[in-house]
Engineer: 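One structure follows; several queries about it will come next.
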Amino acid sequence: MASMVTFLAKTPIPTTPFPNTLKSDPFPRSRLSFPLFAAPRRAARAIRSRRIACGLIEPDEGQLVNLVVPAGPAREGRRREAAALPKVRLSRVDLEWVHVLSEGWASPLQGFMRESEFLQALHFNSLRLPDGSVVNMSIPIVLAIDDAQKKAIGNQRKVALVDANNKLVAILSDIEIYKHNKEERIARTWGTTAEGLPYIKEAIKNAGNWLIGGDLEVIEPIKYNDGLDQYRLSPVELREEFLRRNADAVFAFQLRNPVHNGHALLMTDTRKRLLEMGYRNPILLLHPLGGFTKADDVPLSWRMKQHEKVLEEGVLDPETTVVAIFPSPMHYAGPTEVQWHAKSRINAGANFYIVGRDPAGMKHPKEDRDLYDADHGKKVLSMAPGLEKLNILPFKVAAYNVKKQKMDFFDPYRPQDFVFISGTKMRDLAQNRKDPPDGFMCPGGWKVLVEYYETLLETVSNGAVAHFPGARKLGAFKQQ
């Protein structure tokens, strides 16, 4: 997983330079043909000599999709129309996908995939547009229904989508219903049909045997009312914020884990390098994943508290950092899914995307090994169809430098000076209220993690079932 590179790296990984070309360069004839990190001064002189153009990268197909019905008569008309339509109830994950689609993260997709779009995503990781061009789309965005729902819909051309409380969410029009071959979908998306993959268990295994696609009209903006909606900025809102800050480059960093000082070192070093290349005001998009995650990941609310402390304590500069929530559910589908993560950031305005070791990966659910090759994610991103305009920035590996007593970029010539702190070690420290080495994480951020694991301790002690590594250990600790 991208955000855990310093936790999970078991062996030194060679440092990779910046890409050889600036893919989002508005002047393709003058693209650079040498490694930018390997020769920053030379790169900076070359870029300054022809001036870097300000302006954000274009979204796929040139404009963002907005599927929310405008407030007023049009919205009220849709509500009246929906009252007479067959209803399809959305799961939690379905609702997250409605959110993603409605704001244009999947532009130019106009709704849940029809069969032709589903097959292209499944087999080609891309969609071919009417003009013959290709956009990346590596993850099928689909809505499943069961036999009873299919029968109830009959020959209708529209259905109403409702949430768990039967509140109207959207209308799906010009619908197409087609077979949901779960085994094929799972095998091609994850590269395995092994039991125990979290998204499959949550959203596919018990889903219906049919998929329904069509054009989506969302009645009103999706809100969760969990105290975090102010962080859920749409691609349009993010672009407005980047323009307000006069950004001439945006580099995105996705994570689903707490930020430690190794992450911060990577992000601040990336900004420094971009400045050396000639950009005047590169802005960091710190973009934690906010949809479905597996049970042992730190919940979003706690991650956001921790991220707030990182900015409050100056580990990252609030003036050059935008923290926002990415609403997509997490598949843990490795190189296939990381393409979706990168593609969606193009639509948000990012022209640089930081990718690390085993992005969107996880341990094999049945065997003691990683599910995917740790280097395949960044390699796939460099070749993926439809991502040519995005600059991929591979991680430089960070570890704890015992001599400097802080996180530092790993030096393979001095391995004895570095310690790789695993995720298990970090959890053990937090669960047992022990401090990490000085300089590993800002104090306020670490305190948030300790508080989170204390809440789990209370959950276990109260007899509730907790599905996360160390749950039994927490119970044992409580009894001591």
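All residue numbers in this chain count up from 1 along the given sequence.
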Engineer: Are any side-chain N or O atoms of Gln306 and backbone N or O atoms of Val259, one a donor and one an acceptor, separated by less than 3.5 Å?
Structural biologist: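 Present.
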Engineer: Can any side-chain N or O of Asp248 pair as donor or acceptor with the backbone N or O of Arg280 at less than 3.5 Å?
Structural biologist: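 Checked: pair present.
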Engineer: Mark yes when over 12 heavy atoms from residues, nucleotides or ligands other than Lys447 sit less than 6.0 Å from its NZ; otherwise mark no.
Structural biologist: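 Open: at most 12 neighbouring heavy atoms sit under 6.0 Å from NZ of Lys447.
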Engineer: Could you tell me whether a side-chain N or O of Arg256 sits under 3.5 Å from a main-chain N or O of Leu289, the two making a donor and an acceptor?
Structural biologist: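 Not confirmed, Arg256 side chain does not pair with Leu289 backbone.
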Engineer: Please work out which of the three classes, parallel, tilted or perpendicular, describes the rings of Trp97 and Trp340, given edges at 30° and 60°.
Structural biologist: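 If you compare the ring of Trp340 with that of Trp97, the planes turn out tilted.
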Engineer: Within 45 degrees of the axis of the six-membered ring of Phe326 and under 6.0 Å from its centre: does Arg345 put its NZ or CZ there?
Structural biologist: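 Yes, Arg345 sits over the ring of Phe326.
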Engineer: If we ignore hydrogens and angles and just use 3.5 Å, is the side chain of Ser344 paired with the main-chain N or O of His341 as donor and acceptor?
Structural biologist: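 Checking the backbone N and O of His341 against the side chain of Ser344, a donor-acceptor pair under 3.5 Å is found.
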Engineer: Is it true that atom CD of Glu319 has more than 12 heavy atoms of other residues, nucleotides or ligands lying nearer than 6.0 Å?
Structural biologist: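 Counting other residues, nucleotides and ligands, CD of Glu319 stays at 12 neighbours or fewer.
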Engineer: Could you report the tightest heavy-atom contact between Arg232 and Ile325, atom names first, then the distance?
Structural biologist: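 Smallest interatomic distance, heavy atoms only, reads CG-CB, 4.0 Å.
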Engineer: Answer with yes or no whether the side chains of Arg303 and Asn257 bring together a donor and an acceptor at under 3.5 Å.
Structural biologist: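 Not at all, the side chains of Asn257 and Arg303 share no donor-acceptor pair under 3.5 Å.
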Engineer: How about Arg271 and Asn281: does a side-chain donor come under 3.5 Å of a side-chain acceptor?
Structural biologist: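 Distance-only check passes for Arg271 and Asn281.
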Engineer: Please assess Trp105 against His99 for the test ring pair (Phe, Tyr, Trp, His ring centres under 6.0 Å), listing each intermediate value before the final yes or no.
Structural biologist: CA-CA 9 Å; Trp105 295 99; His99 186 179; 8.1 Å; no
Engineer: Counting distance only, does the side-chain N/O of Arg245 pair as donor-acceptor with the main-chain N or O of Thr321 below 3.5 Å?
Structural biologist: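 Between the backbone of Thr321 and the side chain of Arg245 there is a qualifying donor-acceptor contact (under 3.5 Å).
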Engineer: What is the ring orientation for Phe440 with His260, classed by angle as parallel under 30°, tilted 30 to 60°, or perpendicular over 60°?
Structural biologist: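 Ring orientation, 0 to 90° scale: parallel.
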